[in-house]
Structure formats: C-alpha cells, structure tokens
Amino acid sequence: MHLQNKDLAMYKEYKGLNLPQIDKDVLEFWEANRIFEKSVEQRPEDNRYVFYEGPPSANGKPGIHHVMARTVKDLFCRYHSMKGKRVERKGGWDTHGLPIELNVEKELGITKEDIGKAISVDEYNRRCRETVMRYKDMWDDITRKMGYWVDLHDPYITFENDYIESVWWLLRQLYDKGLMYKGYTIQPYSPAAGTGLSSHELNLPGAYRDITDTSAVAQFKVKGKENEYFLAWTTTPWTLPSNTALAVGKNISYVKVRCFNRYTGALTDVILAKDRLSAYFSEQNPGLKPEDVKAGNKPIPYLEVVAEMKGAELEGIEYEQLMPYVQPDKPAFRVLLGDFVSTEDGTGIVHIAPTFGADDFKVARENDIPPLVVKDELGNPMPLVDKQGRFVNEVSDFAGRYVKDYGQEEERPVDVDIVIKLKEEDKLFLSEKYVHSYPHCWRTDKPVLYYPLDSWFIKSTAAKERMFELNQTINWKPKSTGEGRFGKWLENLQDWNLSRSRYWGTPLPIWRSEDQQEEKCIGSVEELRQEIRKANEALGLSQEVPNDLHRPYIDEIVLLSDSGKPMKRELDLIDVWFDSGAMPSAQWHYPFENKKVFEKNYPADFIAEGVDQTRGWFYTLHAIAVMVFDSVSFKNVVSNGLVLDAEGNKMSKSKGNVLDPFQVIENHSADVTRWYMMSNANPWDNLKFDIKGLEEVQRKFFGTLYNTYSFFALYANIDKFYNKEEQVPLSERPEIDRWIISLLNSLVKEVDADYADYEPTQATRKVHNFVNDNLSNWYVRLCRRRFWKPSQQQNGKGSAMDMDKLAAYQTLYECLVTVAKLMAPAAPFFADWMYRNLNEASGLENHESVHLAGFPTANEAVIDKDLEQRMDYAQRISSLALSLRKKEKIRVRQPLHKILLPILDSHFQEQVEAVKGLVLSEINVKDIEYVTDTSGILKKKIKPNFKTLGRRLGKDMKAAAQAIGNMGQEDIARIEKTKQYILEVDGNSYELTLEDFEITAEDIPGWQVAGDDDITVALDITLDEELEAEGMARDIVNRIQNIRKDKDFEVTDKIRVALQKHDALVPAVEKYGEYIKAETLATGLQLVDEMIDGEEIELPGEVKVNISVHRQ
RNA sequence: AGUCUCGUAGCUCAGCUGGUUAGAGCGCUACACUGAUAAUGUAGAGGCCGGCGGUUCAAGUCCGCCCGAGACUACCA
C-alpha cells in the first residue's frame, strides 16, 4: 500500500497546451489556498518592500493599457516578494472628479446650470457616489483574471470621510506653512456654461478646433507725435477696448516705416518689428503716391524706413488709448517689455488686455499697469465683458453684444464691427481673416474665453528647488522621464491652482468672513467640531458636524472668526489630483489613525503608472511629500508608455480599435498577454499591440517550454524519477549537463539583476532565449537519447538508473524548476502550474506555490565561462558543418569520416576537444582533424584591430589598414612568431604587437569551407562502403520507427521485421543488423526475396523496397 | 509652440563606452530532419540604420538642423 501511494505521485501529463485553462485552474488554486495572503504573511514584518497603488477610477471600464500598467506593478511586487520582502499591496479607488460628474450629467440629461435648480446638490452628489463604483465588479474581475495581486478587501476610497479628513490635514499643513493663498488669475472660462474649465477639460479631444476670426492690426497713436503709430496685431479685436499696454521684446529690432494708410491714404509712420516688415510691406518706393496703395490684404509698398531701434528703447513710451470707453484708475497705456514677445507672427508688438490674457495679466501686474474694469451691481470690479460673454453697458457702441459666437443672431460678429469702427477712426492698419485653433467648451461646443477668476493656490514655486533636489534621488525608469520631462516640469513650475468650481469632490476646508478679512483652515473633523461649538454658542445655532463631509452639507456650516464674525466656506472643491497625491498618508487615515503603519510604509519603494501621469500622480505625490514631509514619496518609479493598436494608432472608441482585455485574456491567457507586453518592448516605449505577437509568444515560448516539460514528464514517469535520489555531483555529470547548469546559473544572476534594476524586458527576453535556444534546442535535443534509451533496454521495468540518466533527469529538473521561478513574476500562472507539477511529484520543496518559494540565487561556483564558450564553439561548429552538408547535399543520416578544423591557438583545440563527442554525434561525423599552421595547408587572413590601433594611429589608420590587408601568409606567420611588427606608414613608424591584429583562418586549399567570425570548418565528404552501409542502416531504422509510430505501437513493443532483398540493402543488414534490431526493438530482421504483404518504403539512392513490420 | 520618447529587413525588436561584411525572431522561398512532432534544423531572398549637414582615421552609434509618429505641457498677441 505504501509503495502504491508513492507511485501515484506522478508528473502530470497533458493532451495539449491550454493556457487559458491553466489560468483558471491556477486562479482557483490560489484563491482556495490563500496563496496571495500567504505570500504576504510569510514574509517578515520588518523587511518590507513598499508599493503604492495609483488608484484607478471605477467609473470607466478597464482597457488593455491597464493590463500593461498593472503587469509592471505586479511583476516587481511578486519579484520582491520572492526575494523575501513583505509586499503589502493596498488597493484604492479614485472616486472624485470631472469624468464622474460628466457621466451623471449625461445620464440625467442636465447641465451644470441645472445643479441646485433642477436637481439639488444633495441629489446630484448622491448620483455621483452611485456612479463612481459602477464598473468596480469589472475591475475586480480583470484584476483577478490578469493575475494582478492587490488587496481589494480593504481599499482606500477617496470619497470617504476618513480620506477627506487626511486630505484636510495635509492642506492644513500647507496652510500653516504659508503655502496657500487666494489669487486672481486668468483662467479658461465657458460663458455658455457659466463655469471655469480645467486644463484637462481643454485637452479633451475636439476641444481645440480651427476657427476663422477677424484679425486686426491696430494703430496705437504715439503720444505727442503726429501720425506716428505702434502696430499691434490681435485675433480677438473684442479685447481692444480693454487694452491698457503694449509689449515689445527687449532685444527685438524695430523699425519706423513711412507709408500711406491703405484705407485712408493718410501719410503715417508705423512702428513694428524689423523681422515682420516683409509680412506687411512689399518694396520700398520713395516716389510712392497715396493712390498706389489700395485697400486689400496684400503687403503694400512703403516710402522709406525712417528709424530703427531695439525694443528696449521703446520701453516706457506712452500712447493714446485706442478705444476710450473706460478709464483706468492708474497711469496706463505705455510700452512694456515682455519676454513672451516673438516675431513669428503679428507685428512683434503685443496688445495687452490684462483682464483677458494670462501673459497680459502677469506682465501688467509686474509693471503696475491696471486692468480696465467697471463696477458690477454689488460694486465689485468686473471686466468689460460679463460672465455671459457680453460687453458691459460702458462699452457703449457694443453694449450687450456677445464677443464670440454664442448662438446669438446678428448681422455681423462684434469683432467685425470693431474693425469697421477702427477703420472709420483711422486706427486700423490692416484687417484680415485668420484661421487658428481655439479652445471650445467640451459641453456647450462654444468658444472659451480667458477670464479673470478667483482661485486658491498652493505656492509650489516656493518648494521648487527642494522638489528638484529630491527628484534627483529618485530612480526613474526610464531615466529621461525623470530628468527630462519631470525635471523640466519642475524647473518651470507654476503655483498649483487648487480650486475647482464643482460639486463632487473634496471641499476646500477654508472658511472666510464676508469682508474677506479673516479666514480659518480646518485640519481635522475634531477641529471642525470645536469650531462649530464656538460658532453655535456665539451665533445661537445648533449646527453639527455633517455625516458626509461633501457639499452641500459642509457648505451650510457657519464658523466664527477670531473677531466674532460669521465665516462661510469658500465654495471651491480641490483639484482631484490632490486626492491621489495624498494617498500615502490618506490611505491610512494618517495622522488620526495608523501612525505606525504609515511610518513603516513611507516612502514607497516602488510605484508605476503610465507616462501620462508624470505631471499628474507622480507630480502630486512628489509635491505633497516635499512640501509636507520634506521627503520623496517614492524611491523607484516606472512609467510605462501607451498601448497602441497594431498599426501604431492610439486606441480610441471612435476609431473602434479598442481591444477588450477580457477577450484577449480569455483567448490567449493572462500569461501570454503579460509576457508579450513585457518582452516585446521596454514598458516605457509605446507598445504596438498585435495579436500575432501574442500568438508568437504562445508558440515560441510557452509552447516550447510546455514541450520541454511534457518530454520530461513523459520519461520521468516511465522511469519513476522523482528526484529522490542523491544528486549526482556536478563533477561527475557529463559536459553538457555542467554546461546547461552553468548557463542556468548565469541566467539566474542576470535575470535577478534585471528585475532588481526594473528591467523586465531584459529579464523576460533572457529567459526566453535560454528556454528556446539552450534548453530546448540544444540540451534536450542532444540529450534525448539519455532519457529514453536505458528505459527501453530495460523494457520499461523500473530498475536502478544509471548515473548518466539520473544526471540528465536531475539536470533537466533543475532547469525547469528554476525557470519556473525566474518567470514567476512575469507569467505567474504558467510558472506556478509548472512548478507545482514538478514539485508535487518530487516533493523536493515544501512550498505549495512558486510564489511562496524564494527567488533562485546563482551559484557562482558552477558558472564556468570556459565551458559556456566551448559549448558555443560546439554549436557553431555543428551549424557550420550542417551548412556544408546542405551545400553538398549529403543527408545527415549519412555518416562521414571527419571534419577539418583549423586551430589558431592551443586553447581553442582544448576547448573543442572537450565537446568533441557532442559535435560528432550532432553532425554524424566520425572524427575531427585539427589543422595547425605547421601542416602548411592553412591559409590565414589578417585584419587590423581597429580598437587598439585607431587611437594610436589616428590619421594613419587608413593607410595602415591597407598595408595590413595586403600582408601575405609569410608576413602573418612572422607576426605570429615574433609577436611584434614595426609598421611604417607615411614616414611614421609604429611598434605593433599581436594584440593589434586579428588573425583568422580563411581557407583550406582544396576543401569546401564554411566560416563565421573566427571558426572555419571543412567537411570530408568522401564515402566508402562502410559509411554507406551505416548510412543505409540508419535510414532503415528511421523507416521502421516511422512505421512503428504509424501503427501506434507502444514504445516498448517488440517487433519482427522483414525486408525485401535489394543489393543496396545487403551490406547494411549484414554489417549493421544488430544495430538496426537494437534501435527498433526488433527480435528478428530478415531479407526475403519475395514480399507481397509489406508496404513500400523509399531509401536513399531511389531504392524502393517493400517491408513488413509486425508486433510480436 | 515647448519638453520628452521613438524612427534599423515586410512585421516586432537587438546593436555595449564610435572600430570596418549591421544582427535575431516572425513571415516568405527551398531543402532537410523526425521516439519533443500543432515541433525542429539549414540555406536563400530581403537594409541609402527617417533626411541633410558636422565632428572623427573611423558614425546605425556623438553633435546640429529638418521630416514623421506619439505623450505631456501651453490662453502665444
């Protein structure tokens, strides 16, 4: 009984490779046995590898690119887990933000304006909260199916009160450090929707569209001069009434040109950039008459250039207001210097309207130039265009008119009427249609205005230096993203605009008094409670901390200022990016709970996301970490590229080229998908996702590995090899075993280093090459006989294995189990499947899964570079010899006498000698004959060693190469003997050593040779009877084996064979009859004169005979 | 517009700090092998290494400019 039980433990054998099925089986196993949980629990608490999960939004469906990003994450977490680290992976969900609001509005068929009217904020937010997790099940499903190990049971969720409280705490830290301020800036604003827009919204597809505007080059009259004007170009004439300054470039050259105005014929001097002269003027013509200049948009001739000056000289010059509807409250209307001024288009002079441009606003403020404003009904200043996009009454001629196309009906756009007015007043130099891309509101489809709005900012510029410094300690993959994209971004850092005028998000915890003089930033729920109590007492209210910290409840809370005034919350929400950047502390509800946990898990060892997160999550993590904790928040970061379709197009729903990740995984398995993604290209390069590539990975890598395993399992089961025997010492194993073990250990070393260096592509490619080229195509192919031969001779009855066979099994087992471990981080399913198939039969390791095993460590002692080199020689010599056979059309089954191998140094000969047996059997040749110099029949080739000589010879290198190339056999022989050479070129003499040459064998006269870089092989193709008989015998064996197979005989069945007599067969059967019988398990082999019942076979030399094969 | 990445065979990619016949796999064609066989081997065809210019004895590799693809950032008037 006991023995029988033992016999039951066998290597599982399969009918075929079904990777998707393996996925499912392994997944079931993991879940039933809590493998993920164990892989965490089994590692020590104090040896952590900290990973932060960048929270996805479950509001959209997962795509194939998520599989990419999560493969990267999973791979390194699994790797470090196998390296003995405790890798906890807390999941998370990003639940705030615009896309969620959009979804809700779309579903309800409402716009932002309806919020608070048609639908209460309360109801609206309730809908958002419901929508947020809409696809959570789908996400959980893809997470499972792709084998991404992340803890989904206790994720952080950004809309929860605890999370919000931690975010508030962080904001309070910034506030206390004086890093938060309220400011006025020019922001994209949609009058049609009545809301400010984020840059994200402007970057939605289709937001920027080409539109045709009426552009104008206006003439700004220089104060105190007659008929002298600055020319400034604008594509938005409606901003001209708001003009308060002009900007020029300090180092730009300007000219004053005398010309006739094309509309009025008036003689005028105009100032514009010299570089732009040709854009507005044709030729100089001193004798020009006014009638020579016609209205029209082409360049016009001019009289003369009357002056030239630098922009710096123009600074401070005053001019007369162009459209004097509203007066400034401070001096304005002068020329400023602006570094943004270019001469690429326009006139090189920029019209400045501080209320409608960010640059304008900034340069005006720096120069103390006021904006033009009027008072609204509450007496607050407002620009000359109202929030609906209409001119205010003060702009009398155009009062109430929309400045852009907002669907109003009118004869002409207001821009055109402004231009007409300028023309009438002799203030227009030129007007023409201009096509440019202009942002539109994604929802109303109407043009966006840049409009001054109030916002809260984080003064990130104050921490710029420190962010830059700390960034340099982060290991970025690829480096260029960190140094370039991210580094440059930090260098040009702007303050972080935190405000969003929305409803579903983390509320800004700042309360202000009505006169804006006092404010409080709340840093915790407890603080809010105390403040509420104070306010309740003073104001006689009965407020409480709301159950939900979102709007609208939080908006209702009135707090008390220090001087006793009521304060209301600033209605803004904060940028959702702050939510995600807050996750290192907020996921633990730090500092209100889990202080220790946070400290142990900060900063992260590793994060990974798409490269599009560089200025998103990567930045917000970094910024918050630097400003609040003065530290990095992650030490290593991998930013992966995009996943494109097979043609290299971005996947998008509109193109219909989006791949369903569930389909891909269902059809091709998670492992193939993961392996393909990792091995095909570096994760930071864009991946052209091609199903054909998946199929190739499946066939070439997984198919080969599966074949190798199946081969092993088949014979190991027959021989009952369960690796229970003592290991055959390496020194007693054959060369080829020591070779593959050496390679295996080299592989372990390299793959370990690659994973540690966040180079998954290198790692997976190396494993692939090892499995295909070395393990399967060389080791297994050459060792096949070792596995089956003895068992056949022993007639399938288990008995003591000979040492050689045992060594083969042990070697192959070790390779397979090690490969399983090496590939486990990238292809976790197949790796575990193979590991368990092996380990459950052998019981060698007490891990129930490969993911609980340790990552292999390389045994340096068994790495033998010399051995690796000589096997490389063996492979190359074999390949060359086979190519010669091919050329000579001699089949491989035909044995040959010998190959000739020129020997250039004795070490090479020793190396080849050690692998001689392998080579001979591989190429079916009886012997290797070494050809040395002394034989005199070797022709050699000499080349300069450019690497050593180039630097020394410099210009003489060319001549030297020529001279060396012309050397004869005697010269080469002399150099080899004396090991030195005096080279004379161009009168210079150089002392060269053997190092400076590359000498290779070129030819053996009279023989067909084949050669690669430094190996040359010649094949002796003479045949004699003996060889021919043996060749024939091998072909007979082959035919009989085929018949055995066709007839589905068991490998152990004995047979009787009868062959029709033929002259060509007689010597083979006479000399090699025993060999044929042994190979085919034939107990009888006879030649018969007449054969009726047999089948016909074809043998070399167009010999056709009948043969009969019968099971005994 | 700026920053960054990428551009090598029909396709996917190697090509180390510059070194002289530019490689692999897939695909294609032909042949061979066959006790791993929905495999395997060998050979062949297939490259102005995106373009132009420069540095150098020597450039796929370094530098500059340009073209193309992509990402991010950006109100250019």
Side-chain angles (χ1 to χ4, degrees), chain A residues 16-17 186-188 199 202-203 215 232-236 239 247 338 340-342 344-353 356-360 436 438-439 448-450 478 480-481 483-489 491-492 610-616 641-642 644 646 648-650 679-681 684-686 688 690 692-693 695-696 699-700 703-704 706-708 710-712 714 761 765 768-769 772 776-777 780-781 784-785 788-789 792 878-879 882-883 885-887 889 891-893 943-951 953-961 1038 1041-1042 1044-1045 1051 1079:
Chain A
L17 177 59
I186 309 298
Q187 291 167 38
S199 57
L202 285 190
N203 282 315
S215 76
W233 177 62
T234 181
T235 57
T236 52
T239 61
F340 51 87
V341 179
S342 78
E344 267 157 46
D345 45 22
T347 60
I349 301 177
V350 177
H351 135 68
I352 300 293
F356 301 114
D359 278 340
D360 307 42
H436 61 153
Y438 196 85
V448 160
L449 296 185
Y450 289 90
S480 59
T481 295
E483 281 173 1
R485 188 188 287 229
F486 195 66
K488 287 275 167 27
W489 161 256
E491 274 177 41
N492 303 317
V611 68
D612 52 338
Q613 295 294 339
T614 308
R615 283 146 192 198
L642 297 183
L644 310 171
N649 299 309
K650 197 177 172 181
S679 64
N680 189 67
W684 36 88
D685 291 331
N686 290 345
K688 285 188 198 165
D690 192 349
K692 287 203 209 96
E695 287 161 1
E696 190 180 323
R699 240 193 7 260
K700 295 295 287 183
T704 307
Y706 165 78
N707 271 342
T708 308
S710 303
F711 172 84
F712 170 84
L714 175 68
T761 309
R765 283 180 183 174
H768 177 112
N769 289 338
N772 272 268
S776 169
N777 289 349
V780 173
R781 196 159 55 82
R784 271 190 323 230
R785 283 181 89 83
W788 60 261
K789 186 90 192 215
Q792 183 190 51
S878 301
S879 163
L882 288 170
S883 83
R885 271 184 178 275
K886 156 84 191 160
K887 212 174 275 170
K889 296 198 195 307
R891 63 191 200 282
V892 177
R893 271 192 293 267
K943 255 182 4 185
N945 180 348
F946 285 90
K947 243 177 187 157
T948 62
L949 285 178
R951 197 171 304 135
L953 303 202
K955 279 193 197 306
D956 291 332
M957 190 62 222
K958 254 187 185 150
N1038 166 248
Q1041 301 288 30
N1042 286 349
R1044 286 184 63 110
K1045 229 168 123 194
V1051 282
E1079 287 291 310

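Chain letters run A, B, ... following the sequence lines, proteins first, then strands; residues in each count from 1.
Residue A:Asn680 contributes atom CG, which lies 12 Å from atom C1' of B:rA14 at whole-angstrom precision. Atom CD of A:Glu696 is separated from atom P of B:rG27 by 7 Å (rounded to the nearest Å). Between A:Asn707 atom CG and B:rG35 atom C1' there is a gap of 14 Å when expressed in whole angstrom units. One can place CG of A:Leu17 at 12 Å from P of B:rA38, the figure rounded to the nearest angstrom. We find that CZ of A:Arg891 is positioned 12 Å from C1' of B:rA32, with the value rounded to whole Å. Going from atom CD1 of A:Ile186 over to atom P of B:rA74 covers 16 Å, rounded to whole Å. Atom CG of A:Asp690 and atom C1' of B:rU12 are 8 Å apart (whole Å). Nucleotide B:rU5 holds its C1' atom 13 Å from the CH2 atom of A:Trp684, rounded to whole Å.
Among the protein residues, A:Thr481 comes within range of no part of the nucleic acid, since none of its heavy atoms lies under 4.0 Å from any strand. Among the protein residues, A:Gly693 comes within range of no part of the nucleic acid, since none of its heavy atoms lies under 4.0 Å from any strand. As judged by a 4.0 angstrom heavy-atom cut-off over every strand, A:Lys958 is placed among residues touching the sugar-phosphate backbone only. A:Thr235 comes within contact range of the sugar-phosphate backbone alone, with a heavy-atom separation under 4.0 Å but no base atom that close.
Residue A:Gly338 comes nearest to A:Ala247 through the heavy atom pair N-CB, 4.5 Å, listed as atom of the first residue, atom of the second, then distance. Listed here is the closest heavy atom pair of A:Phe356 and A:Tyr450: CD2-O, 3.3 Å. For A:Asn680 against A:Arg765, the heavy-atom pair with the smallest separation is O-NH2, 2.9 Å. Between A:Gly357 and A:Ile186 the shortest heavy-atom distance is O-CG1, 3.4 Å. Residues A:Val341 and A:Val350 share a closest heavy-atom pair of CG2-CG2, 4.0 Å. A:Lys700 and A:Asn772 make their closest contact through O-OD1, 3.1 Å (heavy atoms, listed as atom of the first residue, atom of the second, distance).
Residue A:Lys955 has its side chain nearest to B:rC57 when only B:rC33, B:rC57, B:rA77 are considered. For A:Val892, whose side chain is taken as the heavy atoms from C-beta onward, the closest listed nucleotide among B:rG35, B:rA32, B:rC13 is B:rA32. If you check B:rA39, B:rC57, B:rA77 against the side chain of A:Val350, the one that comes closest is B:rA77. Residue A:Arg765 places its side chain closer to B:rC13 than to any other of B:rC13, B:rA36, B:rU17. Comparing B:rG35, B:rA77, B:rG25 by their nearest atom to the side chain of A:His351 picks out B:rA77. Closest approach to the A:Asp685 side chain among B:rA32, B:rA36, B:rU5 is made by B:rU5 (side chain taken as heavy atoms from C-beta onward). Of the listed nucleotides (B:rU21, B:rU5, B:rC13), B:rC13 has the atom at the smallest distance from the side chain of A:Ala681.
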Are there any protein N/O atoms within less than 3.5 Å of an N/O atom in nucleotides 40-43 of chain B, and if so, which ones and at what distance?
{"from": "B:rU40", "atom 1": "OP1", "to": "A:Lys700", "atom 2": "NZ", "distance (Å)": "3.4"}
{"from": "B:rG41", "atom 1": "OP1", "to": "A:Asn777", "atom 2": "ND2", "distance (Å)": "3.0"}

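Atom P of B:rG47 sits at a distance of 33 Å from the matching atom of B:rC57, rounded to the whole Å. The same atom, C1', is picked in B:rU8 and in B:rA14; the two are 10 Å apart, to the nearest Å. Between B:rG10 and B:rG70, the distance separating the two C1' atoms is 23 Å to the nearest Å. Distance noted for atom P between B:rG60 and B:rU21: 12 Å (whole Å). Taking the P atoms as reference points, B:rU5 lies 47 Å from B:rA38, given to the whole Å. For the P atom pair drawn from B:rC67 and B:rG15, the interatomic distance equals 28 Å after rounding to whole Å. Rounded to whole Å, the C1' atom of B:rC49 lies 11 Å from the corresponding atom of B:rA59. Between B:rG50 and B:rU61, the distance separating the two C1' atoms is 16 Å to the nearest Å.
A:Phe711 places a side-chain heavy atom less than 4.5 Å from the side chain of A:Arg784.
To the nearest 0.5 Å, atom OG1 of residue A:Thr704 and atom CZ of residue A:Arg699 are 9.5 Å apart. The OG1 atom of A:Thr708 sits 8.5 Å away from atom CG of A:Asn777, with the distance rounded to the nearest 0.5 Å. Atoms NZ and CG, from A:Lys943 and A:Leu949 in turn, are 13.0 Å apart once rounded to the nearest 0.5 Å.
One N or O on the side chain of A:Thr761 and one on the backbone of A:Ala681 form a donor-acceptor pair closer than 3.5 Å.
Side chains of A:His768 and A:Ser679: a donor-acceptor N/O pair is absent below 3.5 angstrom, by distance only.
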Just the dot-bracket of RNA chain B, please: which string comes out with Watson-Crick or G-U pairs under 3.5 Å, [ ] for crossing, | for another strand?
-> (((((((..((((.....[...)))).(((((.......))))).....(((((..]....))))))))))))....

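Comparing A:Ala961 and A:Met957 by the nucleotide of RNA chain B whose heavy atom lies nearest to each, the residue mapping closer to the 5' end is A:Ala961. Between A:Thr239 and A:Thr948, the residue whose closest nucleotide on RNA chain B is further toward the 5' end is A:Thr948.
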